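These figures come from a predicted structure and were not determined experimentally. In what follows, residues are counted from 1 in the order of the sequence shown.
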Amino acid sequence: MSGETIAYVRVSTAEQNEERQVETLKKYGISRWYIDKASGKNTARAELQKLREYVREGDVVYVVDWSRLSRSVEDLLNLINEFNSKSVKLISLKENFDTSTSMGKLMITVIGGIYEFQRAYILEAQAEGIEIAKQEGKYKGRRPVEISNLSLICDHWVKGEITGTQAAELMNVCRTTAYKKLRQYQESLQSVQ
C-alpha cells in the first residue's frame, strides 16, 4: 500500500529560518509539510502532534536529521516505534537512515541497547552516590508529604464519596502518592485497634 510522502521540519525559534531544510526535502516529492518553530527538548510540539495523528500505513516521513525530530534518544526511539506500529516509514537524510530497511532495523536495536545501557549506568551511579551520602550522613531521603486533612479525605474516599483522582487533587499529590497515603492511613488505624 503506497501512502503519502510527508516532511517534518523544525527550527528552534521563530526567528530562525526553515528554508534550508525545506529546500533539502523538496526533491523527495513531499505532498504534506509539518513545520514547527519550537525547541526540540520534548515531543509536545504542535506540528509534530498533528503529524503523529495524521500518518497512516504506507506513509513515508522525511526529516533532514534526527535532531529535528528529537533531542533525546528515548523520545527518538518512542517516535520510531510509534511510526513502525502504524507501518509508517521514517527516513533521516543526514544519517542515511531508513526504518524500513534491515540496516535501519538493526540500527534501531543498537540505539535502543545504547539507551538502555546509558539509563542503567545513570541509575547505578545515582544509587552509589546516594549510598555514599547516606554513609556520610548527608542523605536524608525525600521529605514525607504532609497532608493536613488526610483522615477526612481518606474517610470520604473509603466510603466511595470521592474517587482516587479527586482524593489526589484534594491532597495536592499524584494518584500514586494518594494511594500510598491511603494505605499508610489504613495501616495506622489497624495498629491503633
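Atoms CD1 and OH, from I132 and Y139 in turn, are 13.5 Å apart once rounded to the nearest 0.5 Å. In this structure, Q126 CD and Y121 OH are separated by 13.0 Å, a value rounded to the nearest 0.5 Å. Here Q184 contributes atom CD and K181 contributes atom NZ; the two are 5.0 Å apart, rounded to the nearest 0.5 Å. To the nearest 0.5 Å, atom CG of residue D75 and atom CG of residue L69 are 9.0 Å apart. The line from CG of D65 to CZ of R68 is 5.5 Å long, rounded to the nearest 0.5 Å. Annotation: the span from K89 atom NZ to F83 atom CZ amounts to 14.5 Å, rounded to 0.5 Å.
Side-chain N/O atoms of R10 and Y34 include no donor and acceptor closer than 3.5 Å. Between the side chains of E95 and S92, at least one donor-acceptor pair of N or O atoms lies under 3.5 Å.
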CA sep, side-chain torsions, deciding dist, call: R20, V64, side chain to side chain contact (heavy atoms under 4.5 Å, CB included): CA-CA 10 Å; R20 179 188 64 81; V64 171; 4.1 Å; yes

Test log, rule side chain to side chain contact (heavy atoms under 4.5 Å, CB included), inputs W157 and Y179: CA-CA 10 Å; W157 190 4; Y179 279 97; 3.5 Å; yes

Pair E23-K26, salt bridge (charged side-chain N to carboxylate O under 4.0 Å, His left out): steps then yes or no: CA-CA 5 Å; E23 282 303 313; K26 273 184 182 175; 2.9 Å; yes

Evaluation steps, side chain to side chain contact (heavy atoms under 4.5 Å, CB included), between V63 and I91: CA-CA 6 Å; V63 293; I91 297 175; over 6 Å; no

R52 vs L79, side chain to side chain contact (heavy atoms under 4.5 Å, CB included): CA-CA, chis, key distance, verdict: CA-CA 9 Å; R52 291 168 73 182; L79 286 168; 3.6 Å; yes

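When every heavy atom of M171 is checked against every heavy atom of C154, the shortest pair comes out as CE-SG, 4.2 Å. Nearest approach of A44 to Q49, heavy atoms of both residues: CA-NE2, 3.7 Å.
Side-chain atoms of R56 come within 3.5 Å of backbone atoms of Y54 as a donor-acceptor pair (strictly under, hydrogens ignored). Checking side-chain atoms of D36 against main-chain N and O of E47 turns up a donor-acceptor pair under 3.5 Å. At least one donor-acceptor pair under 3.5 Å links the side chain of Q16 to the backbone N or O of S12. In this structure, S31 contributes its side chain and T5 its backbone to a donor-acceptor pair below 3.5 Å. With S70 contributing its side chain and W66 its backbone, the two residues share no donor-acceptor pair below 3.5 Å. For the pair D59 (side chain) and V55 (backbone), a donor-acceptor distance under 3.5 Å is absent. At distances below 3.5 Å, not a single donor-acceptor pair connects side-chain atoms of T177 with backbone N or O atoms of V173.
Taking the side chain as every heavy atom from C-beta outward, T99 and N84 approach each other to under 4.5 Å. Side-chain contact check for L170 versus I162: some heavy-atom pair is nearer than 4.5 Å. D98 places a side-chain heavy atom less than 4.5 Å from the side chain of T101. The shortest side-chain heavy-atom distance between V22 and W33 falls under the 4.5 Å cut-off. You'll find the side chain of Q21 stays beyond 4.5 Å of the side chain of T24, heavy atoms only.
Residues V60 and V9 share a single hydrophobic cluster, defined by chaining ILVMFWY side chains whose heavy atoms lie under 4.5 Å apart. Transitive grouping of hydrophobic side chains (ILVMFWY, heavy atoms separated by less than 4.5 Å) keeps V88 and Y28 in distinct clusters. By the rule that hydrophobic residues join a cluster once side-chain heavy atoms approach within less than 4.5 Å of another member, L76 and Y62 end up as members of separate clusters. Tracing side-chain contacts under 4.5 Å through hydrophobic residues (I, L, V, M, F, W, Y), one reaches I30 starting from I35; they form part of the same cluster. Under the 4.5 Å side-chain heavy-atom criterion for Ile, Leu, Val, Met, Phe, Trp and Tyr, V73 and L48 are members of the same hydrophobic cluster.
Enclosure of atom CG in N17 by more than 12 non-hydrogen atoms of other residues, nucleotides or ligands within 6.0 angstrom is indicated. Remark: K94 NZ is loosely packed, at most 12 non-hydrogen atoms of other residues, nucleotides or ligands lying under 6.0 Å away.
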